[in-house]
Amino acid sequence: MHNIKDIRSDISSFKDGLKKRFIDVDFEKILLLDENNRKFIQEKENLEKEKKEISKSKDKSLFEKSKEISKKIEEISSSQSKIKNELDNILASLPNLPYNDVPIGKDENSNIEILKSGKIPNFTFKPKSHYELGENLNMLDFDLATKTTGSRFVFVKDKLALLERAISNFMLDTHINLNGYKEISPPLIATDSTMFGTGQLPKFDNDQFELKLDDSNDRKFLIPTAEVILTNMVKDQIINKEILPIRMVASTPCFRKEAGSYGKDTKGMIRQHQFYKVEMVSIVEPNQCLAELDRMTNCATKILDLLKLPYRKIILCSGDMGFSAEKTFDIEVWLPSENKYREISSCSSCGSFQARRMKARYKNSKKETVFVGTLNGSGLAVGRTIVAILENYQQEDGSILIPEALKPYMNNIDKINKI
RNA sequence: GGAGAGAUGGCAGAGUGGUUGAAUGCACCGGUCUUGAAAACCGGCAAAGGGGCAACUCUUUCCUGAGUUCGAAUCUCAGUCUCUCCGCCA
C-alpha cells in the first residue's frame, strides 16, 4: 500500500511507476478524494476542539450547544469516512512500484535471463514427462485424486512420497544450517486482515480458498503460500532494530484456486490446487532490501546447485511481477520433457509495501519509527522439484536416480525402481 | 461444550465519569560525575492523522464496534482474543 502523502508530494513517480505496470490509474480522482478528505478532517477537528472546550468548562449553559456540535460532527464524520473509504479502496488496489532497474515490459516475454547454470542432460532416448514416469512407477495417481477430491490434485505414493519428504527436509536443513534461516511451523489458515497485509486481498480474492465458517466475523483462508503467514508475524508491531534482519523458513502446503488458468498445465503436478513449498521470508531494514534479495536468491539457487539440476535465473519485467513486489528474480529449472525452463522459485523484494499494509515498523538508528522491508522467496517449490528430479534423473528403463544430496534423506537408496 | 477472570504505552503495571495521553517501575536516549566504565543523580522518551517553510500546534487513540453523557480508559450492549477450572477429543 502506498502512502497518500508520498503520492501527493511526488505524483509523477507514481504515474511513471504504475505506467510501467500498464495499469491505468485515475490520479485526478485520488487527489480530489484526498483533498476532500483533508477538508472534512479540518472541519471536524475544529468542531471537536470547540466541543472539548465546552466540556472542560463544565458550563451548563453551553451543554445544549455541545449537543448540536456533536450532531454536526457526526454528519461531517460520515461524509469524511465515506471519502476516506473510497480513497483507501483505490490505494489498497494499487500494486507496488517497480524498482528502477526492473526491465520494462508487458508480460513474460520481456523478462531477461541473467544467468544459466548446470548441465542440461543429454538423453540417448526420448525423455518422458514426470507424470508418465510417476504413473509408470505407480507412485503418482492423478485419477484417484480426481475421484476423491477433484482435478489438480494428486496422490503421491511410496518412494515418491518419501522423495517429497526428503526434498522438503533437505531444503529446510540447508536453509537452517547453511543459510541462517530460522525454522517455523506456522498455521496454514490466515484471517482476511493477514491476507490483506501481504497483498492477496482485496484484489485476489478469487484465487484463494476461503473456509466456510458460521461463527466469527473474520473471513478465513487457506494460505496460498507461507509468505502470507510468515511475513505477517511482524504485523502491528514496532520491532527492535537489533533483531533485524529476521530470516525465517517454513515448509508448508499451499492452496491455490488457479482461477483463470484453465487449460494451462492441466496434466501433471506443475499446477496443482495443493502443493508443498519451502518458503523463505526476510524482514530487514528497508535500505537492505536489494542486498537481501540477492542473498535470498542465492540461497534458492544453492539448492539447485546441490541437487545438480540445471537452471537459469531471470529478472521479471515490470508487467510480469506480482502485486506486492518491487523487484523479482525467478529461478527456472530445466524440464527435459518440455525442452524448456519452468519456474521453480520466485524471490521478491516488496520494499515497505507490505509493511505499510501490515503496520510493521521498527525504530531506525535515528530513532524514527519507520516501516520495515519484507522479502519472500521459494526455496523451493517442492512439487516442482519432484518434477524436475523425475525428469532430469530418469533412466531409459523408467527408474529414477537419487541426487547425491538427497540420499541421506532417502535411507541411502540410489534409485527408485518400479514396484 | 459449561463456569469464572481479564485485555492499558517497547515491556511490567496503576488507574472505576471531569485538564488522564494516562501514575510507578524496567528498558531505551541525553547529561552530570569518572582516566574509562558501572553505580548514583538530573532530564527526555507512544502512535496515527490534520495545519504550518519552520519553531510548533490541533485532533484522535487505553482490544474492536455500537450506545449512555456536556464529558468515558472508567458506565451499558455486542463481538474478538487470552488465561484459569470442569468436561470432551487428536
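Throughout, a chain's letter reflects where its sequence line sits, starting with A, and its residues are numbered from 1. Values reported hereafter were calculated over all heavy atoms of this structure, with side chains retained and with hydrogens, waters and symmetry mates removed. Remember, predicted model here, so these are calculated numbers, not experimental data.
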Nearest-Å distance for atom pair CD1/P, residues A:I243 and B:C28: 16 Å
Using the 3.5 Å cut-off, write out each protein N or O paired with an N or O of nucleotides 49-51 of chain B and the distance between them.
| from | atom 1 | to | atom 2 | distance (Å) |
| --- | --- | --- | --- | --- |
| B:G49 | N2 | A:E45 | OE2 | 2.9 |
| B:G50 | OP1 | A:R8 | NH2 | 3.2 |
| B:G50 | OP2 | A:K5 | NZ | 3.4 |
| B:G51 | OP1 | A:R38 | NH1 | 2.6 |

Distance between P atoms of B:C29 and B:U20 (Å, rounded): 30 Å
Sugar-phosphate only, base, or nothing, as touched by A:K44 at under 4.0 Å among non-hydrogen atoms: nothing
Between B:G43 and B:A23 - P atom distance, rounded Å: 15 Å
Ring geometry between A:H273 and A:F209 (parallel below 30°, tilted from 30 to 60°, perpendicular above 60°): perpendicular
Separation of B:U61 C1' from A:E48 CD (nearest whole Å): 12 Å
A:R152/A:E258 salt bridge by N-O under 4.0 Å criterion: no
Protein-nucleotide distance (A:K359, atom NZ; B:A46, atom C1'), rounded to Å: 16 Å
Cationic N near anionic O, under 4.0 Å, A:D34 to A:R38: yes
Lys NZ or Arg CZ of A:K241 over A:Y362 ring: under 6.0 Å, within 45°: no
Atom-to-atom span, CD1 of A:I73 to P of B:G71 - whole angstrom: 10 Å
Nearest heavy-atom neighbours spanning A:R271 and A:R342: NH2-NH2, 4.1 Å
Salt-bridge criterion met for A:E332 and A:K313 (N-O under 4.0 Å): no
Nearest-nucleotide comparison on RNA chain B, the residue closer to the 5′ end among A:E64 and A:F371: A:F371
A:L172/A:E183 under side chain to side chain contact (heavy atoms under 4.5 Å, CB included): CA gap, chis, key distance, verdict: CA-CA 7 Å; A:L172 280 174; A:E183 179 172 11; 3.7 Å; yes
Sugar-phosphate, base or nothing in reach of A:K58, heavy atoms under 4.0 Å: base
Pair A:H2 + A:F14: ring centers closer than 6.0 Å: yes
When you compare the protein's N or O atoms with those of nucleotides 62-67 of chain B, which come within less than 3.5 Å of each other, and at what distance?
none

Watson-Crick or G-U wobble mate for B:G71, both contacts under 3.5 Å: none
Between B:G31 and B:A37 - P atom distance, rounded Å: 11 Å
Identity of whatever pairs with B:U16 - Watson-Crick or G-U, under 3.5 angstrom: none
Closest nucleotide among B:C70, B:A47, B:U59 to the A:T369 side chain: B:A47
Mate of B:C45 where both pairing distances stay under 3.5 Å, Watson-Crick or G-U: none
Spacing of A:E53 atom CD relative to B:U19 atom C1', expressed in whole Å: 12 Å
A:D207 and A:R256 ion-paired at < 4.0 Å: no
Base-pairing mate for B:A54 - Watson-Crick or G-U, with both contacts under 3.5 Å: none
Lys/Arg-Asp/Glu bridge criterion (N-O < 4.0 Å) met for A:K65, A:E50: yes
N or O in side chain of A:K60 less than 4.0 angstrom from B:G71 OP1/OP2: no
Paired nucleotide for B:U80 [Watson-Crick or G-U wobble; both distances under 3.5 Å]: B:A7
Nearest-Å distance once atom P is located in both B:A22 and B:G10: 15 Å
side-chain N/O A:R361 vs B:G10 OP1/OP2, d < 4.0 Å: no
Integer-rounded Å distance: B:C29 P and A:K241 NZ: 12 Å
Whole-angstrom distance between B:C42 and B:G49, as gauged at atom P: 36 Å
Separation of B:U59 P from A:K56 NZ (nearest whole Å): 7 Å
Atom pair distance, as rounded to whole Å: CD1 in A:I238 and C1' in B:G10: 8 Å
Side-chain donor/acceptor of A:S378 to backbone N/O of A:A381, under 3.5 Å: no
Most 5' of A:K52 and A:S66 on RNA chain B, judged by nearest nucleotide: A:K52
Counter-base of B:A23, judged by Watson-Crick or G-U geometry with both distances under 3.5 Å: none
A:R384 to A:F275 six-membered ring, cation-pi geometry met (6.0 Å, 45°): no
Sub-6.0 Å ring centroid separation between A:F353 and A:F323: yes
Between B:C81 and B:G65 - C1' atom distance, rounded Å: 15 Å
Over all atoms of both residues, closest heavy-atom pair of A:K257 and A:N206: CD-O, 3.3 Å
Rounded P spacing from B:G4 to B:G79 in Å: 15 Å
B:G87 pairs with, by Watson-Crick or G-U criteria that keep both distances under 3.5 Å: none
Criterion side chain to side chain contact (heavy atoms under 4.5 Å, CB included) on A:V278 and A:I167, from CA distance to verdict: CA-CA 9 Å; A:V278 172; A:I167 289 170; over 6 Å; no
Phosphate OP1/OP2 of B:C70: any A:K67 side-chain N/O under 4.0 Å: yes
Residues from residues 77-91 of chain A lying under 4.0 Å of RNA chain B - heavy atoms: none
B:C62 versus B:G21 - spacing of their C1' atoms, nearest Å: 9 Å
Touch class at under 4.0 angstrom, heavy-atom based, for A:K65 against every strand present: nothing
